[in-house]
Amino acid sequence: MRTVQAQVITEAVAKLCIDANYYLSEDIFNALTQSKEKEESSLGREILGQLVDNACIARQEAMPICQDTGMAVVFMEIGQDVHIEGGDLKAAVDAGVAKGYKDGYLRKSVVNDPMFVRKNTNDNTPAILHIDIVPGDKIHITIAPKGFGSENMSAVKMLTPSAGVAGLKKFVTDTVSAAGSNPCPPIVVGVGIGGTFEKAAYLAKKALLRPINKRNTDPVYAKLEEELLELVNKTGVGPQGLGGITTALGVNVEYFPTHIAGMPAAININCHATRHAEVTI
């Protein structure tokens with residue numbers, strides 16, 4: 001059994017919060033650059049160029065890519081042979097988020113009550129924490145700050161099996177079209193299929209962690225990702241919703257077994273700054 005101090009988790013989470021908000025991942029940066037060359041709309045090309053410049057400035061000046069530095073969503077894969085010592089895991093993660101958002105001068109956007117009080121917690125906690133227990137003695141942490149311009153455009157639908165692929169494609173394109181400029185396109189679309197109501201939503205968000213240049217390992221779902229991307233880009237929403245062929249940079253799909261009577265589907269949309277950073281300790 002390997003022992004990991006809670007403070008080590010706190011320090012790792014703090015650094016990941018800063019890195020994710022400052023440094024756009026290579027796959028997204030390259031996709032923006034390539035889309036600029038392919039975009040047919042002159043205004044769209046100009047917007048894509050500005051997004052590339054913005055990402056470069058954020059990296060060079062060590063500042064956030066966007067003013068909405070998001071709610072911290074934390075994915076942890078914890079090896080079953082790891083023992084955490086020196087504190088509570090959830091408290092260690094929240095302490096890391098608080099430290100990262102303070103040290104990185106990141107906007108604190110979390111309120112303590114969703115409906116009535118809505119008082120800012122002033123440290124961007126609590127984090128949304130997802131934990132998977134896996135074999136081994138390592139801990140893998142991924143931070144995905146989620147701005148709500150795009151989060152608000154997400155959707156879940158309990159499709160029936162008869163809806164099939166056609167029903168899923170309509171759900172995705174209708175959701176993207178209705179979102180329009182709100183999620184700051186070009187977007188990245190995470191699609192979760194199967195499981196239950198809440199599992200589909202979890203899969204959709206987890207799909208956004210996979211680099212957009214890495215297709216699903218199942219060739220059938222990889223083909224579906226490519227077809228969905230083509231359909232989304234035919235909606236004409238375009239960069240910042242002002243028209244063009246670059247509505248999305250990527251569509252990632254994750255799936256899970258489900259009940260014979262259902263086909264849950266969820267869509268989680270990310271803006272052009274699809275932020276995530278990860279580390280293994």
Side-chain angles (χ1 to χ4, degrees), residues 1-31 55 58-59 62 64-65 69-104 106 123-147 188 190 192 199 201-218 221-222 250 252-256 268 270 273-281:
M1 182 70 71
R2 176 171 173 253
T3 298
V4 173
Q5 295 295 321
Q7 184 61 30
V8 173
I9 295 172
T10 295
E11 295 298 330
V13 169
K15 184 176 186 305
L16 291 175
C17 287
I18 296 172
D19 288 352
N21 274 294
Y22 284 7
Y23 310 121
L24 192 63
S25 60
E26 188 176 351
D27 59 315
I28 302 295
F29 183 84
N30 290 339
R59 176 173 289 276
I65 298 166
T69 52
M71 192 167 189
V73 182
V74 183
F75 292 84
M76 295 188 74
E77 293 180 353
I78 302 177
Q80 62 185 10
D81 297 324
V82 174
H83 169 63
I84 298 169
E85 190 175 82
D88 169 73
L89 172 62
K90 180 69 167 60
V93 170
D94 279 346
V97 170
K99 178 176 170 52
Y101 274 73
K102 178 177 180 292
D103 293 350
L106 307 175
D123 60 5
N124 224 50
T125 68
I128 304 297
L129 178 58
H130 300 290
I131 297 174
D132 281 333
I133 304 299
V134 299
D137 61 358
K138 307 290 185 185
I139 298 177
H140 188 77
I141 308 172
T142 304
I143 303 285
K146 198 67 174 68
V188 177
K199 181 72 174 183
Y202 168 75
L203 291 171
K205 190 169 290 292
K206 194 169 185 180
L208 294 171
L209 303 184
R210 175 155 47 89
I212 56 174
N213 55 6
K214 187 176 179 182
R215 285 274 165 250
N216 194 299
T217 54
D218 185 320
Y221 282 89
N252 287 352
V253 177
E254 296 293 339
Y255 68 97
F256 194 82
N268 195 210
N270 248 345
T274 295
R275 294 164 291 190
H276 48 85
E278 59 190 327
V279 69
T280 299
I281 57 178

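- Summarising the geometry, atom OG1 belonging to Thr142 is positioned 7.0 Å from atom CD belonging to Glu77; distances are rounded to the nearest 0.5 Å.
- No side-chain heavy atom of Tyr23 sits under 4.5 Å from any side-chain heavy atom of Phe29.
- No more than 12 heavy atoms of other residues, nucleotides or ligands lie within 6.0 Å of CD in Glu26, so this atom counts as exposed by the packing criterion.
- The number of heavy atoms from other shown groups lying within 6.0 Å of NZ (Lys15) does not exceed 12.
- Heavy-atom minimum distance, Val82 versus Val4: CG1-CG2, 3.9 Å.
- The backbone N or O of Ala207 sits less than 3.5 Å from a side-chain atom of Asn252, completing a donor-acceptor pair.
- Applying the 6.0 Å contact sphere to NZ of Lys214 captures no more than 12 heavy atoms from other residues, nucleotides or ligands.
- Under the 4.5 Å side-chain criterion, counting only non-hydrogen atoms from C-beta, Asp81 is not in contact with Arg2.
- Defined by atom type and a distance below 3.5 Å, a donor-acceptor pair is missing between the side-chain atoms of Thr3 and His83.
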Using the rule given for side chain to side chain contact (heavy atoms under 4.5 Å, CB included), can you reason through Leu24 versus Arg59, listing the C-alpha separation, both sets of side-chain angles and the distance that settles it, and then say yes or no?
CA-CA 8 Å; Leu24 192 63; Arg59 176 173 289 276; 5.7 Å; no
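- A distance of 12.5 Å separates NE2 in His276 from CG in Asn21, rounded to the nearest 0.5 Å.
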The test is side chain to side chain contact (heavy atoms under 4.5 Å, CB included); show your working for Asp123 and Lys102 and say whether it passes.
CA-CA 7 Å; Asp123 60 5; Lys102 178 177 180 292; over 6 Å; no
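- When all heavy atoms are compared, the tightest approach of Ile128 to Met71 is CD1-CE, 3.8 Å.
- The side-chain heavy atoms of Val8 and Glu11, taken from C-beta on, include no pair separated by under 4.5 Å.
- For the atom pair CD1 of Ile28 and CD1 of Ile212, the computed distance is 4.0 Å after rounding to the nearest 0.5 Å.
- Among Val74, Asp94, Val97, the single residue meeting the side chain to side chain contact (heavy atoms under 4.5 Å, CB included) criterion with Leu129 is Val74.
- The closest donor-acceptor contact from the side chain of Arg210 to the backbone of Val253 lies under 3.5 Å.
- For the residue pair Tyr255 and Asn216, no side-chain donor N or O sits within less than 3.5 Å of a side-chain acceptor on the partner.
- The shortest distance between side-chain heavy atoms of Leu209 and Glu278 does not fall below 4.5 Å.
- A donor-acceptor distance shorter than 3.5 angstrom exists from the side chain of Tyr22 to the backbone of Gly104, with no hydrogens or angles considered.
- Between atom CG of residue Asn270 and atom NZ of residue Lys205 there is a gap of 7.0 Å, rounded to the nearest 0.5 Å.
- Atoms CD1 and CG, on Ile139 and Leu89 in that order, are 7.5 Å from each other to the nearest 0.5 Å.
- Between Thr274 atom OG1 and Leu208 atom CG the span is 6.5 Å, to the nearest 0.5 Å.
- Residues Ile141 and Ala12 share a closest heavy-atom pair of CD1-CB, 4.2 Å.
- With Asn213 contributing its side chain and Gly250 its backbone, the two residues share no donor-acceptor pair below 3.5 Å.
- Between Arg215 and Ala222, the shortest heavy-atom contact is CD-O, 3.6 Å.
- Pairing each heavy atom of Arg275 with each of Thr69, the nearest pair is NH1-CA, 3.7 Å.
- Test Asp132, Thr280, Val279 against His140 for side chain to side chain contact (heavy atoms under 4.5 Å, CB included) and you get one pass: Thr280.
- Here the closest heavy-atom approach between residue Ile84 and residue Ile9 is recorded as CD1-CD1, 4.0 Å.
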